[in-house]
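Written out below as structure tokens is the structure these notes cover.
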Amino acid sequence: MENDLLKLKIFLGLLGIENRISDYLEIPEDKKIANGNVAVCIIDNTGVVYGRMFGKDKSRMRNSFKVAWTKASQVWLTGVKTGDYEKMVFNNIVEENANGIEAPDLIGWKGGQPITLSDGTKLSVGFSGFTGESDLEIVSLAFKNI
């Protein structure tokens with residue numbers, strides 16, 4: 001039952017993302033990156049992976065999901081936003097392999113973030129296809145009241 005409730009919450013978050021994509025496509029910088037072929041990857045605290053690709057170009061959607069997965073899995077391992085974690089490693093705040101990620105595999109792009117739902121459930125989310133700031137924002141807004 002609890003798992004079904006989490007699935008419903010994730011579905012609502014995915015729906016929230018889908019409903020906002022057209023707004024971000026109005027922003028020229030966001031549209032030119034992947035032309036709406038975007039993806040989200042969500043990993044719950046037990047390691048179950050959820051995801052969704054949006055768009056019409058399967059190849060571009062696949063690439064966006066690959067990046068979203070990399071962002072989400074780094075957050076899952078570290079608990080820290082992508083970009084921020086890379087800075088921590090390169091400023092010697094965290095050792096390179098401290099969380100099982102070697103420097104060549106670090107993703108410094110913004111768009112991966114931990115999300116805490118209103119009931120305290122923690123998710124590791126990666127989004128790819130817009131600018132880094134928009135990647136973070138669309139997810140935050142979609143899951144804000146869930």
Problem - Minimum-distance pair of heavy atoms, taken over all atoms of S22 and N19 - result: OG-O, 4.3 Å
Practice task
Please answer whether the main-chain N or O of F130 pairs with a side-chain N or O of S134 as donor and acceptor at a distance below 3.5 Å.
Solution key: no
Handout entry: Any donor-acceptor pair under 3.5 Å from Q74 side chain to I107 backbone
Key = yes
Handout entry: Neighbour count above 12 (heavy atom, 6.0 Å) for F11 CZ
Key = no
Exercise for the section: Would you confirm whether S118, through its side chain, and N145, through its main-chain N or O, come within 3.5 Å as a donor-acceptor pair? Expected result: no
Exercise for the section: Return the minimal non-hydrogen interatomic distance between G79 and P114, and the atom names on each side. Expected result: O-CG, 3.6 Å
Problem - Student check: side-chain heavy atoms of V40 and L14 closer than 4.5 Å - result: yes
Problem - Sidechain-backbone polar pair: N37 side chain, G129 backbone, donor-acceptor under 3.5 Å - result: no
Practice task
Can you see which heavy atom on W76 is nearest to which on S124, and at what distance?
Solution key: CA-OG, 3.2 Å
Practice task
Would you list the pairs meeting side chain to side chain donor-acceptor pair (under 3.5 Å) in which at least one residue belongs to residues 81-106, sequence neighbours left out?
Solution key: Y85-N99
Exercise for the section: Determine the minimum heavy-atom distance between A68 and S128, stating which atoms define it. Expected result: N-CB, 3.8 Å
Practice task
Sequence neighbours left out, what passes side-chain contact (heavy atoms from CB on, under 4.5 Å) with D119? Give chain and number order.
Solution key: K9, L117, T121
Practice task
Taking all heavy atoms of D44 and all of L6, pick out the closest pair and write down the distance.
Solution key: OD2-CD2, 3.6 Å
Handout entry: Pairs satisfying salt bridge (charged side-chain N to carboxylate O under 4.0 Å, His left out), at least one member in residues 124-146, at least two apart
Key = K71-D135, K110-E133
Problem - Residue pair F143 / T116, side-chain heavy-atom distance below 4.5 Å - result: no
